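Notes follow once the structure below has been shown.
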Amino acid sequence: MKKLFPFLILVSIAFNGISQNDSILIKKSKYNKVASYSFEMGSMLGNGSDFGDKLANRSSYRGYEARLGFRLNDRDDAYNQVYRFPIMGVGFYMSTFHEEEIGNPNAFFYYFNMPVTFERSRKITMSYLGAFGLSYNFHPYDSVENPSDVFIGSYNNCYFNFTYLFNYHINPEWVIDISLGLKHFSNGSFQQPNYGINLLLVGAGISYRPNNIPVPDFKRNISKFIRHNQFNIALMAGSKNYVAGEKNYLKAGLGVNWLRALGYKYR
């Protein structure tokens, strides 16, 4: 219960903050705000090793998320139309595997929630959610103190989430959902071992939308896309570990890309 206390405070702040001055926000706000809370449970996948499969089978995963999203309040924006009024924002995640060898990971992340079709005034809709962020509070592998966690060798890791949601719109303000998803933690081989932790998930959530989010009755005409060229130059540097307990090596690269923009979605 102590671990849930700061999480519930965060949810409370998000909900209270977006519920103030609703009548003013509807008229003047560039973005409509969406506060969401979800609970999930699932199964951890093994990695084929004796230690790994036993640890995965023993674990009992539970996860919680609080998200604050923003939906552009502009029916004439081309990308808003192309992507069917998506929601983008930030969130906080916390979990437990009920196994000391893994730890109790938390994460801060960016996410998007994209409807499969225009919501309009439908009661039942579908959408998919993707998230990427930084996680922490793992109990990493140690050959002496924690040899059972053969999945991951670092306290901090990248956080990935992809979830498919089935939404029921109680009214324009409240939405409940059930979800199916995949979650992944890894460190890009910054610290071995790095099999990664993979989860198959089912969940349920609720969202509060204090403003009447635009739900157009039809897809509006958007300006014709003018095809054009783009160039990207990227300089990359990082660190890679090949054997647990040994030193890291510099990994660097230079990339030059030519892109031809074919439409609003594709390059």
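Values below: all heavy atoms of this structure, side chains included; hydrogens, waters and symmetry mates excluded. None of the values given here were measured: they were computed from a predicted structure.
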Honestly, is Lys240 close enough over Tyr242, meaning NZ or CZ under 6.0 Å from the six-membered ring centre and within 45° of the axis?
yes
Under 6.0 Å from the ring centre and within 45 degrees of the ring axis: does the NZ or CZ of Lys265 meet both conditions for the six-membered ring of Phe225?
no
Counting C-beta onward and ignoring hydrogens, is there a side-chain heavy-atom pair between Ser95 and Tyr61 closer than 4.5 Å?
yes
Calculate, to the nearest 0.5 Å, the distance between atoms CG and OG belonging to Asn113 and Ser36 respectively.
7.5 Å
Can you tell me how far the CD atom of Glu65 sits from the OG atom of Ser38, to the nearest 0.5 Å?
4.5 Å
With clusters defined by side-chain heavy atoms of hydrophobic residues (ILVMFWY) lying less than 4.5 Å apart, directly or transitively, does Tyr266 cluster with Leu259?
no
Does any part of the side chain of Tyr31, heavy atoms only, come nearer than 4.5 Å to the side chain of Arg71, both counted from C-beta?
no
Can you find a side-chain donor-acceptor pair between Asn187 and Ser189 that sits under 3.5 Å?
no
Please determine whether residues Tyr64 and Phe160 belong to a single hydrophobic cluster, defined as Ile, Leu, Val, Met, Phe, Trp and Tyr linked transitively by side-chain heavy-atom distances below 4.5 Å.
no
Applying side chain to side chain contact (heavy atoms under 4.5 Å, CB included) to Thr125 and Val116, what does each step give before you reach the verdict?
CA-CA 8 Å; Thr125 62; Val116 174; over 6 Å; no
Stacked cation flag Arg67 on Tyr111, 6.0 angstrom / 45 deg
yes
So which heavy atom on Leu72 is nearest to which on Phe85, and how close?
O-CD2, 4.2 Å
Answer yes if the side chains of Ser223 and Tyr264 hold a donor-acceptor pair under 3.5 Å, and no otherwise.
yes
Where the side chain of Asn104 meets the backbone of Met94, is there a donor-acceptor pair that is under 3.5 Å apart?
no
The test is side chain to side chain contact (heavy atoms under 4.5 Å, CB included); show your working for Met41 and Val202 and say whether it passes.
CA-CA 6 Å; Met41 56 191 299; Val202 294; 4.0 Å; yes
To the nearest 0.5 Å, atom CG of Leu201 lies from atom CG of Leu182 at 7.0 Å
More than 12 heavy atoms of other residues, nucleotides or ligands under 6.0 Å from NZ of Lys123: yes or no?
yes
Cluster question for you: counting only ILVMFWY and a side-chain heavy-atom cut-off of under 4.5 Å, with indirect links fine, are Val175 and Ile178 together?
no
Note: Gly48 and Asp53 closest approach over all heavy atoms is N-OD1, 3.1 Å
Check Ile222 against Ala78 and note the closest heavy-atom contact, atom names and distance.
CG2-CA, 4.0 Å
How are the rings of Tyr128 and Phe112 set relative to one another: parallel (under 30°), tilted (30 to 60°) or perpendicular (over 60°)?
perpendicular
I want to check something: taking the side chain as every heavy atom from C-beta on, are Ser127 and Asn167 in contact at a cut-off of under 4.5 Å?
yes
Side chains of Phe97 and Arg58: closer than 4.5 Å at any heavy-atom pair?
no
Run the numbers on Leu55 and Phe151 for side chain to side chain contact (heavy atoms under 4.5 Å, CB included), then give the verdict.
CA-CA 10 Å; Leu55 182 58; Phe151 291 95; 4.1 Å; yes
Quick check: does any side chain N or O of Asn73 sit under 3.5 Å from a backbone N or O of Asn32, one acting as donor and the other as acceptor?
no
May I ask you to test the Leu129-Leu165 pair for a side-chain heavy-atom distance under 4.5 Å?
yes
Is a side-chain N or O of Asn198 found less than 3.5 angstrom from the main chain of Met44, in a donor-acceptor match?
no
Any link between Val90 and Phe132 through a network of hydrophobic side chains (Ile, Leu, Val, Met, Phe, Trp, Tyr) touching at under 4.5 Å?
no
On a heavy-atom basis, which atom in Asp177 and which in Ile206 lie closest, and how many Å separate them?
OD2-N, 4.1 Å
With a cut-off of 6.0 Å (strictly less than), are more than 12 heavy atoms of other residues, nucleotides or ligands near CZ of Phe51?
no
Arg267 side chain reached by Arg260 side chain, heavy atoms, under 4.5 Å
no
Any chance you could lay out the side chain to side chain contact (heavy atoms under 4.5 Å, CB included) test for Trp174 and Ser207, step after step, and finish with the verdict?
CA-CA 6 Å; Trp174 291 95; Ser207 297; over 6 Å; no
Going by the ring-ring contact (aromatic ring centres under 6.0 Å, His included) test, name the single residue among Tyr110, Tyr37, Tyr159, Phe109 that passes it with Tyr93.
Tyr159
Please work out whether the ring planes of Phe108 and Phe92 are parallel, tilted or perpendicular, with thresholds of 30° and 60°.
tilted
Provide the closest heavy-atom pair for Arg75 versus Gln81 in the form atom of the first, atom of the second, distance.
O-NE2, 2.7 Å
Looking only at atom types and distance, does a side-chain atom of Ser135 sit under 3.5 Å from a main-chain N or O of Asn157, one as donor and one as acceptor?
yes
Arg209 with Glu119: basic N within carboxylate O range, under 4.0 Å:
yes
Should we say atom CD of Glu145 is surrounded by more than 12 heavy atoms from elsewhere, each under 6.0 Å from it?
no
Just by modelled atom types, is the Gln192 backbone N or O under 3.5 Å from a matching donor or acceptor in the Asn241 side chain?
yes
How many angstroms lie between atom CD1 of Ile152 and atom CG of Asn194, to the nearest 0.5 angstrom?
6.0 Å
Looking at CD1 of Ile102 and OH of Tyr141, how far apart are the two atoms once the value is rounded to the nearest 0.5 Å?
15.5 Å
Taking His139 for the side chain and Asn137 for the main chain, is one N or O donor matched with an acceptor at less than 3.5 Å?
no
Test: Lys183 and Glu40 ion pair at under 4.0 Å
yes
With a 3.5 Å distance limit and no angle check, can you tell me whether Arg122 reaches the backbone of Phe118 through a side-chain donor-acceptor pair?
yes
Distance-only, no hydrogens or angles: does the Asn146 side chain make a donor-acceptor pair with backbone N or O of Glu101 under 3.5 Å?
yes
Rounding to 0.5 Å, atoms CG (Leu45) and OH (Tyr195) come to a distance of 15.0 Å
Do Met236 and Leu254 land in one hydrophobic cluster if side-chain heavy atoms of ILVMFWY residues count as linked below 4.5 Å?
no
Keeping Asn248 on the side-chain end and Phe190 on the backbone end, is there a donor-acceptor pair under 3.5 Å?
yes
Backbone N/O of Asn156 and side chain of Ser154: donor-acceptor pair under 3.5 Å:
yes
Shortest non-hydrogen contact between Leu250 and Gly238, atoms and distance:
CD1-O, 3.4 Å
